[in-house]
Amino acid sequence: MPRHLHHICQLVFFLALVVVGVQFIAYVFWALNLSPTFVPRPPCVEAFLPISALMALKRFLCTGLWDHIHPAGLVIFCLALILAFLRKAFCGYLCPFGALQEVLFCFGSKLGLVRPLPKWIGRIALMPKYVLLAFFLAIPISLTVPEIEEFLLSPYNLVCDTKLALFFLKPSTLLLAVLALLLLGSLFFPSFWCRSFCPYGALVGLLALFSPFAIVRDPQSCLHCHKCSASCPQGIQVENFVRVNFPECTGCLECVHNCPKPNIIKLKFGVRSVSPVILPILVVSLTLIIYIIARLTNHWETVVPLEMAKMLHEHIEQISHF
Ligand code: SF4
Ligand code: SF4
């Protein structure tokens with residue numbers, strides 16, 4: 001059971017996301033007058049609005065004011081940053097895209113599609129996500145707090161979740177091609193999107209470098225069987241390192257569980273060995289605690305009245321930018 005905690009977490013959050021997705025689409029259909037049935041908008045969809053959350057975070061840091069337009073988005077963004085101190089655990093345990101890519105890579109491995117990249121190409125392939133991260137960070141950094149407040153209160157920000165849903169519900173040929181490329185790439189390369197392109201993962205991964213948790217291998221006892229490296233969903237060659245402290249390591253602990261002998265690879269907190277179950281337990285507990293606090297303190301539900309949301313949806317085609 002402990003060795004499957006990582007997969008159980010991924011499955012639970014993936015299924016939860018499917019429910020949230022279906023509920024949100026039903027809400028969008030109601031808001032656009034395509035269905036008479038009202039379905040409440042699930043606040044969790046705000047997890048897919050990281051630029052809005054970045055803006056709201058800068059405003060919060062500068063003024064102490066929480067964003068009440070997409071409050072859950074800011075909560076989830078802060079949760080991802082906090083979980084970085086548990087080794088980029090947001091990506092490894094909660095993110096549905098991470099889970100999907102692990103499944104695809106598993107299929108790719110079973111079909112014999114996986115080919116190791118030359119080291120230098122592998123290193124270059126890690127870079128695009130940092131370029132994207134720099135681009136997205138530059139947006140809130142370059143804006144003043146009043147400009148950010150103008151954005152947060154703009155009609156565009158109020159309906160950007162629906163805009164995003166329509167972007168995927170009515171996909172362009174380019175979007176379909178990009179999605180197909182990402183899905184295909186995930187069959188051939190471990191965590192293709194996360195490792196190479198995800199700016200969210202890049203930010204969380206950089207913070208994870210300061211995590212007190214790390215995977216540590218004992219080179220003296222190692223059998224060099226390659227099982228740790230082969231099982232790593234991030235493609236890290238665990239077997240070549242004593243301490244794995246890379247931005248890509250999600251703390252999934254597959255390397256620990258797949259090592260044939262106990263105590264060769266361990267999870268360490270600082271210099272102390274700790275039980276591998278601690279990490280998933282901390283991830284789930286912290287996620288639930290933060291979620292419950294956000295709900296109890298009114299930092300979860302948007303304050304945008306339903307009538308206003310409905311009115312904005314009637315003009316959604318005209319709302320293109322703020
Ligand atoms: S190094 Fe180990 S804990 Fe880190 S991502 Fe790879 S398998 Fe998971
Ligand atoms: S799985 Fe364990 S024994 Fe095998 S190479 Fe990795 S650390 Fe060494």
Side-chain angles (χ1 to χ4, degrees), residues 6-7 10 80 84 87-136 174-209 211 213-217 219 222-260 264-265 267:
H6 156 236
H7 292 127
Q10 285 182 313
R87 283 246 63 91
K88 207 187 175 189
F90 185 83
C91 307
Y93 291 81
L94 309 188
C95 178
F97 299 119
L100 182 63
Q101 282 174 100
E102 282 190 35
V103 172
L104 287 171
F105 186 65
C106 197
F107 274 126
S109 305
K110 292 226 159 40
L111 295 172
L113 299 175
V114 178
R115 296 278 177 278
L117 286 173
K119 258 189 190 168
W120 67 274
I121 296 186
R123 286 206 189 105
I124 291 174
L126 298 177
M127 294 301 144
K129 63 179 183 284
Y130 296 115
V131 177
L132 289 170
L133 175 64
F135 173 75
F136 287 117
L174 179 65
L175 176 62
L176 287 175
V178 170
L179 289 177
L181 185 75
L182 289 175
L183 292 177
L184 263 179
S186 304
L187 288 169
F188 291 86
F189 307 108
S191 299
F192 182 52
W193 159 256
C194 309
R195 279 170 57 85
S196 295
F197 301 108
C198 180
Y200 210 115
L203 176 62
V204 176
L206 289 176
L207 286 178
L209 292 175
S211 168
F213 288 95
I215 303 297
V216 177
R217 187 182 64 94
C222 179
L223 309 171
H224 296 288
C225 66
H226 194 62
K227 287 190 175 160
C228 50
S229 306
S231 64
C232 177
Q234 298 299 318
I236 299 170
Q237 295 303 303
V238 185
E239 167 183 9
N240 297 340
F241 303 98
V242 173
R243 190 177 177 90
V244 178
N245 188 21
F246 300 110
E248 285 74 33
C249 175
T250 61
C252 70
L253 304 167
E254 288 298 315
C255 53
V256 176
H257 296 309
N258 280 285
C259 182
I264 296 182
I265 303 193
L267 175 66

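From a predicted model like this one, the values you see are computed outputs, not experimental measurements.
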Listed pairs under 3.5 Å, donor-acceptor, residues 89-105 side chains, sequence neighbours left out:
from	atom 1	to	atom 2	distance (Å)
Tyr93	OH	Gly251	O	2.6
Gln101	OE1	Phe192	N	3.1
Gln101	OE1	Trp193	N	2.6
Gln101	OE1	Cys194	N	3.4
Gln101	NE2	Phe97	O	3.1
Glu102	OE2	His6	NE2	3.3
Glu102	OE2	Gln10	NE2	3.1

What distance separates [X] [atom1] from [Y] [atom2], expressed to the nearest 0.5 Å?
X	Y	atom1	atom2	result
Leu184	Leu179	CG	CG	11.5 Å
Phe189	Leu113	CZ	CG	10.5 Å
Phe213	Leu267	CZ	CG	6.0 Å
Asn245	Ser211	CG	OG	7.0 Å

*Can you sort out the partners of Cys222 under side-chain contact (heavy atoms from CB on, under 4.5 Å), two or more places apart, ordered by chain and number?*
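Listed in chain order: Arg217, His224, Ile264.
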*Residue list, side-chain contact (heavy atoms from CB on, under 4.5 Å) with Cys228, at least two apart or on another chain*: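 Checked Cys228 against side-chain contact (heavy atoms from CB on, under 4.5 Å); matches are Val238, Glu239, Cys255, Ile265.
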*Any residue meeting ring pair (Phe, Tyr, Trp, His ring centres under 6.0 Å) with Phe188, in chain and number order, not counting sequence neighbours*: none
Check residues 116-130 and write down every donor-acceptor pair under 3.5 Å in which the side-chain atom is one partner and the other belongs to a residue at least two apart or another chain.
from	atom 1	to	atom 2	distance (Å)
Lys129	NZ	Leu126	O	3.1
Lys129	NZ	Arg195	O	2.6
Lys129	NZ	Glu248	OE2	3.0

_Test side-chain contact (heavy atoms from CB on, under 4.5 Å) applied to Glu254 and Lys227, Gln234, His7, the passing residue_ = His7
*Could you go step by step and tell me if Ile215 and Ile236 meet the side chain to side chain contact (heavy atoms under 4.5 Å, CB included) rule?*
CA-CA 11 Å; Ile215 303 297; Ile236 299 170; over 6 Å; no
Taking all atoms of both residues into account, what is the closest heavy-atom pair of [X] and [Y], and its distance?
X	Y	result
Leu133	Pro199	CD1-O, 3.6 Å
Val204	Ala80	CG1-O, 3.9 Å
Ser191	Pro233	OG-O, 2.9 Å

*Below 4.5 Å, heavy atoms only, C-beta onward: do Lys88 and Leu207 meet side chain to side chain?*
no
*Going by the salt bridge (Lys or Arg N to Asp or Glu O under 4.0 Å) test, which pairs reach into residues 176-186, not counting sequence neighbours?*
none
